[in-house]
Each structure stands twice: as C-alpha cells, then as structure tokens.
Amino acid sequence: MTYTLRPYQQEAVEATLKHFRKSRKPAVIVLPTGAGKSLVIAELARIAKGRVLVLTHVKELVEQNHAKYCSYDLTAGIYSAGLGRKDSNEKVIFGGIQSVANAPEEFYKDFSLLIVDECHRISNDDDTQYSQVIRKIFEQNPYLCVLGLTATPYRLDSGWIYRYHHSGRLRTDAPLFFQKCLYELPLQKMIDDGYLTPPVQIDAPVASYDFSELRPDSTTNRYSLKEIEEILKSQRRVTPIIVQNIVELSRDRRGVLLFTSSVRHAEEILQILPEDISALVVGNTPGQERDEILQRFKNQDLKFLVNVSVLTTGFDAPHVDLIAILRPTESVSLYQQIVGRGLRLYEGKKDCLILDYTGVPHDIYKPQIHDRKPTNDAVAVKVECPMCQHDNDFWGITDGEGEVVEHYGRKCQGAIEDPDNGEIVPCGFRYRYKNCDRCGAENDIAARTCLTCGNALVDDEAKLKEAYAARDAHVMRTDSMYFEKKEDAKGRERLEIRYYDHDGQHLSEVFFFDSQSSAKVFFYNFIRMHYRTPGVPLDIDSIEEAIEARSKFRLPLFVIARKQGKYWRVREKIFY
C-alpha cells in the first residue's frame, strides 16, 4: 500500500531533514491531536538511512504507531512488555519507554534516529527513564538525531520544552534538552483546511461548578485534589443537573467522553448516567477490563465513557462528537489534549460539542502564555518589539475595540538563529526593568543580582520594609493619581502629579518641559516606569501632551517619599 502525505505533513518532514543535515541538536515538531503524527513518524522512519527507535509512554500509542507504519507494507519490530513483544533486530523499533529503559545494553546499538512521541513528557531530570535511554543511545552514537513530536510543547512544572521557535521566538533562556521547534501547525488552520472537526464550545449550558477560588500549587502549578474534592462535596447538588444536561444534549450524538476530577466524582456521575450504555475507566482499572471497555466504546456499544485523567493522550475514537469537561484544567495544554479527543474526522460527523461545566474554560485557539495570569481581566495580546519587530505574546488589557491599553510583558521573546553554527541569539530588549545602582545595567524587575556586575539588587519587599522602619521615609498605598498644570513661585509652568491614598492624603512630584533635557527627565523618571504599553512609541514634549496622555500611565501600588527639608520628595514607586 502506498500513501501520500498531506501538505503540512510533508512540510514537517522536510523541516526535520533540513535541520538534521546541518545540526544534531535535539528538536521538536508540534502537530495538533488528529494531525497524523504517526504518518510523519512513518515517513521519517522509512527514509532514515540508519536504525530508528520510536518511543512513547503508553502501549496504545506504541501499537497505533507500529500499525500505521506496517499498514504501508513496511516491517518493524515492537519492544513492549505490555504488548508481549521484545524485538530488537529490525531497522525500525517501536517501543514503550518502561520496557526499553530496562533493555539489555546490546539493544541500544546502531540507532541513528530517536523519535519520541508525546515528547512533552521528557523532563529536565537526569534520573528519568527517558533521560537514561537517551544517554545510553548517545554513548553508542554521539551523532544521534533526536526528534520529539507533541501537540502540547509545555509542561506545568517547567514551562516550554524547547528554547527557540522557527518563527524567531525565544521561548526561554533556560537550558533545555530540546533546542528548537522545527515546525508547528496551528489548530485553527487544521480546522479551516478540513483536516479536523470544528469544535463548538459551550460554557456552562445550564449550571457549572464554582472553581473560581481554586488556585494551583505555587511549586507544581497543579490543583490540589483535596481542595477539588471539598468543592465538589459542597456543590454535590449541581452534579445531577449537569449530567441530565449532558444526556439531553447528547441525544443526537454518537460518542460522549466525560472528563472528571476524581474517582469519587466519576463514580457519582456514572450512577446517574444510563446504566446499559455507560462505563468508567480510571487509573487502576485492570488492563484487560480497560481494553474491553475501550473496545466496546469504539464499537459504539457504549455511548458514555467517564474517565479520570486516563484518556487525555493515546486514545483514538474518531466517532466521539461530544466532550464534557467536569474538572478544572490547570493549563490550555491539558485542555487541548482533552478537546482533541473529539476533533478527529468521522463519516457523518459535522462538529464536536464541547461542554464546559467548570466556569473557567480555556480558549484553545489562543497562544499559550506560561506566565501566570496577572489579573482576572487580562487577555492574550500581541506586542511588537521596537528593536527587532518580533510579535510578542503577552498578557494585557484591551479596550472595547480590542486595542491594547496595557501589557505586562517584561522582555522581548524574539531571537535569531545563526545560520552557520545554529547558535540562538536573543533580542534582549526589556520592556520593564530595574537599573543596577552600581553599573546601571538593565535587569529583570524580579532579579536579585545584577546580570552584568553581580551586585545585589534590592527587591520591592525589602524596599518597603526598610522604608516603613525609617524615620525620614513616608510610605503611601495609592488610590488615585492626578495631573495638573501649575506655576511655581517664579511663574514657570510645571506639571504636578499627585498621588492620593484612601484617606485623601497626597504626595506629589513636579516636572518641567522648558527644554529637551527636562522632557528626558520626565521620560526616565515617570514614563519609563508608569507607561502601560512600553515598547509602543510615546513622545511627550509638553505639559499639555502629558495631561492628554494620562490614561496611558499606570498607578503605582506604593509611593515612597523621603524628607527633604520641610517637604516630602517622592523617591521610589512600587508597582504590582
């Protein structure tokens, strides 16, 4: 049997070949769920000159990738205890990571290409099974090519899994195993081109659980199961209403997947669903029983399948046309994995209904921003870098017409790749920064030490603590900020900016605009800190222009003033 790659699959293959012809740096391809990663894997394995090892974490994916490869009259081995095979001599081996990690040393010889499916599961920990396997193969072949494939290239605990995106975006400065994303296909384009079923997202059709007070753990970025259980217990009366709504909306649907928060929650839901066409799969469901349940669902003998975090990857049932989300998801990546279960094409399937009963849904089309959302009304915005013109994805605030009125970006995400040696050179432009008081270098606003000279930088909390303790300092928590044109005792016009607290007390600072140097003083002492959209050109040369632009400036959270003679003079400002 012959096969023809879709255009984007061919582009992904060509991007991979181009990269490994000049570099051996580990790289990533990002394709949405349903894009046919197994076909890309099959083509790369077919044309590889040396031996190929394809790794993944669940036996279902091992079996699927192997079956796809063999369906084109190609032969390959399987190394998976769960599938009862431990082949080791074929040119192409499809293996499960648990089994391969325990393989004898001779197994790792002669591989020239390692492909890792669902590669976002690879962490930076040197003691993981993936790290051990990669290290063993590198020992046999230091010129090994390593390619990862995933639909969600980020981890909750550490963020992006690669450093540099082919579009010119630097994801992180951190040292990572995967250096570059060679190719990425947006979900929207897949849908627009007819390769995936359109999702129809509905937020809380009749009722929803209230998870608004739930906060992820600061270390793991994951929700506490105990807290989720407590919320569900207090809102138990909502569950029958939700399940009834799912049943009603699924009358003309073929397959319904329900994603729940816990085993207890799942069992409660199963008791309400129609008994003869519903089943439950959880983490400790025995293997044979699980396989039988999944097969019955794929055969459409079952209509409702409830699960607890076990069907987000490696499960393929194209007839699924309704996804019910009854669990809070910590990130858009997990949300995409869930929704992706219903986007595969199937005869007669026009769309997939996405019912979200959490009250905190994600937009699967928006870019992933790893930084935590700074405010409830923040949205993903595009901000062009004034230095390299890269379009940055930041959190920000927009007006009624969608214009960006404030953003929270700190540093440009843009970078370029040296065409000769493949080195990644960041743009480095900082939107917000603090200067080192020793060398004047720009540092991130959260930096503890200067990147240039190593000088210790005083953080905002320490500044406040020191100011509260000082006799000659006055700390004000601000409530409002006002601009006014005034004259001094000599009749010179000046801009007075007053900061008020809740009690109506105020501190003020003044700026003159009678020369170019005085306008620069206003820029460095006010605009640079207060501007809500740094990086967007803003020229202010007069008091009138400053007053007219007052809505473009953000209010500091605290103002610290020092006594100078009989007056208080503003010296420090603390922003959120």
Keeping the roles fixed (side chain from Asp117, backbone from Thr56), state whether a donor-acceptor pair exists under 3.5 Å.
no
Hey, would you say the [X] and [Y] ring centroids sit under 6.0 Å apart?
X      : Y      : result
Tyr431 : Phe394 : yes
Phe178 : His120 : no
Tyr154 : Trp160 : yes
Phe107 : Tyr79  : yes

Is any NZ, NE, NH1 or NH2 atom of the basic residue among [X] and [Y] found under 4.0 Å from an Asp or Glu carboxylate oxygen of the other?
X      : Y      : result
Asp393 : Arg169 : yes
Lys18  : Glu11  : no
Glu63  : Lys68  : no
Asp321 : Arg254 : no
Lys59  : Asp291 : yes

His265 vs Tyr209, test: side-chain hydrogen bond (donor to acceptor under 3.5 Å, both in side chains). Steps then yes/no.
CA-CA 12 Å; His265 187 211; Tyr209 299 111; 3.1 Å; yes
Dump the intermediate steps for salt bridge (charged side-chain N to carboxylate O under 4.0 Å, His left out) on Glu60 and Arg290, then the final yes or no.
CA-CA 12 Å; Glu60 288 85 358; Arg290 169 177 165 165; 3.6 Å; yes
Decide yes or no for Val28 and Leu149: does some side-chain heavy atom of the first lie under 4.5 Å from some side-chain heavy atom of the second?
no
Can you label the angle between the Tyr195 ring and the Tyr8 ring as parallel, tilted or perpendicular, going by 30° and 60°?
perpendicular
So salt bridge (charged side-chain N to carboxylate O under 4.0 Å, His left out) across residues 183-197, not counting sequence neighbours, yields Lys189-Asp193
Test: Arg51 cationic atom under 6.0 Å from Phe111 six-membered ring centre, within 45° of axis:
yes
